[in-house]
Number of protein chains: 2
Amino acid sequence: MRSYDQWCGVAKALDIVGDRWSLLIVRELSIRGPLRYTDLQRGVPGIATNLLADRIRELEQAGIVARAISEVPGAPQLIRLTERGEGLRPVLHALGRWGGSDLADAPRTDAFQAHWLTIPLEATLRDRKPDRGRAVLEVRAGEPPIQVEVGDGIRTRLGPAPSPDGVISGDPRTVLAVLFGRMGLEDAEKAGTTFRGDPKLLRRIRP
Amino acid sequence: MRSYDQWCGVAKALDIVGDRWSLLIVRELSIRGPLRYTDLQRGVPGIATNLLADRIRELEQAGIVARAISEVPGAPQLIRLTERGEGLRPVLHALGRWGGSDLADAPRTDAFQAHWLTIPLEATLRDRKPDRGRAVLEVRAGEPPIQVEVGDGIRTRLGPAPSPDGVISGDPRTVLAVLFGRMGLEDAEKAGTTFRGDPKLLRRIRP
DNA sequence: CAGCATCCGCTTTGATACTG
DNA sequence: CAGTATCAAAGCGGATGCTG
């Protein structure tokens, strides 16, 4: 990308990650950790393979991603975020929160992957009762399920929770609407979304 | 911009403001308030006039900017952010903070406008002694000077402060380095940067 | 002059085909 | 699996021209 040549942090950031697709590649690596090329491609549906190769190269030169050389011979080459790349999380959160308001009336034809939910969950949920200790909510809105760990802030992990304090399952729209307090459990259940566990957990984390 | 067609807040945000120049236009309006076309163009140096017109149109359709129809006939048409557009401030802050680390070794040929400093100032400074009441620091690193209001967080305004509690003047690099705690006052003064006022004010706001 | 629109060469993107 | 090659279409950048 051609530089804006402006002495301004916003412009400098966009010099590096302002290219089309770049931040979505960062999103994918930030959520899922190191990935092989083909998995990364599946995580950014719609990207052409030549563009993915281009972007990885550019991000690598800028020090945002690196190719993890595995010691194990024959192991697949993984692409991972550098520390500087991980530093983009606040940018992803801010964009995700702002863009999230468009999700409600987005076309049903949009691609969807369950792990993308971790960004609005981490960016929007709050722990309003930090004194109550740790609790885990499992969010099932596709594969994989997501663990939301409450206590000392909000953290998410991919994969099922060993012994969750609550489980919410349903389609992503309704699940997010419930978690963000835009829909009551009653209405959600009519839409096929179920919650098992203590409803206090929901009230604790709603923004 | 062609949509990414992904049910993800980050992708939706980039569908709207992911075009080249778009976020810099938002930056300009967010910092300076409503602007006429030509002033906006000067605030985004390097943009071609047809692209500025294109972007304004697109942002207008997306509900990010609006043209303020003045009641006064003959008054110039102003372009302003809508409320939704103002909501992009956290995005600008996150990008500015992340990209700010590239400013130290940016080429001297970069365009610079003093009001751009408000973003790193607001995004990075902290009020570490909220109990000490209100204080105002004036930052002079070009025109216009910037008021940094400390107390109940950090707020900035453009223009000189009526009776500041401190004034720091110098070139933008050194001034930022001092304010962000990367350089002591001693070294800064060798580089021609001066501070008048109580040094405690500096320590109060450094990140 | 402010506020664009038009034209044109160049670069980037998107889709697909192909390769070690 | 992990890319490269190719090519048409879209977008960008720069210059210039038009209109109130």
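- A salt bridge (Lys or Arg N to Asp or Glu O under 4.0 Å) check over residues 113-122 of chain A, counting only residues at least two apart or in different chains, returns the pairs A/Arg89-A/Glu122.
- What separates CD1 of A/Ile79 from P of D/dA2 is a distance of 8 Å, to the nearest Å.
- Going from atom CD of B/Gln77 over to atom C1' of C/dA2 covers 10 Å, rounded to whole Å.
- Summary for the helix from C/dC1-D/dG20 to C/dG20-D/dC1: the axes at its two ends, each from 5 pairs, differ by 30° when rounded to the nearest 10 degrees.
- Among residue pairs with one or both ends in residues 148-176 of chain A, none qualify as ring pair (Phe, Tyr, Trp, His ring centres under 6.0 Å); sequence neighbours excluded.
- A/Arg173 pairs by the side-chain contact (heavy atoms from CB on, under 4.5 Å) definition with A/Arg108, A/Asp171, B/Trp7, not counting sequence neighbours.
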Could you walk me through whether A/Glu86 and A/Arg80 pass side chain to side chain contact (heavy atoms under 4.5 Å, CB included), step by step? CA-CA 10 Å; A/Glu86 296 285 2; A/Arg80 65 172 179 85; over 6 Å; no
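- The side-chain contact (heavy atoms from CB on, under 4.5 Å) search around A/Thr194 returns A/Ser169, not counting sequence neighbours.
- Residue pairs meeting the side-chain hydrogen bond (donor to acceptor under 3.5 Å, both in side chains) criterion with at least one member in residues 31-40 of chain B, sequence neighbours excluded: B/Glu28-B/Arg32, B/Tyr37-B/Thr49, B/Asp39-B/Arg42.
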Summarise protein proximity over nucleotides 5-20 of chain C in one line of letters, 5' to 3': B for base, S for sugar-phosphate only, - for none, counting protein heavy atoms closer than 4.0 Å. BBB-----SBBBB---
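- Applying the side chain to side chain donor-acceptor pair (under 3.5 Å) rule to A/Asp19 yields no partners; only residues at least two apart in sequence or on another chain are considered.
- Residue B/Arg42 has no polar side-chain atom (N or O) positioned under 4.0 Å from OP1 or OP2 of C/dG3.
- Not counting sequence neighbours, B/Arg196 has no partner by the side-chain contact (heavy atoms from CB on, under 4.5 Å) test.
- Rounding to whole angstrom units, CG of residue B/Leu40 and C1' of C/dG3 are separated by 12 Å.
- Using a 4.0 Å cut-off on heavy atoms, none of the residues of residues 25-37 of chain A approach DNA chain C.
- Residues that satisfy the side-chain contact (heavy atoms from CB on, under 4.5 Å) test with B/Arg134, not counting sequence neighbours, are B/Val136, B/Glu149.
- Not counting sequence neighbours, B/Arg20 has no partner by the salt bridge (Lys or Arg N to Asp or Glu O under 4.0 Å) test.
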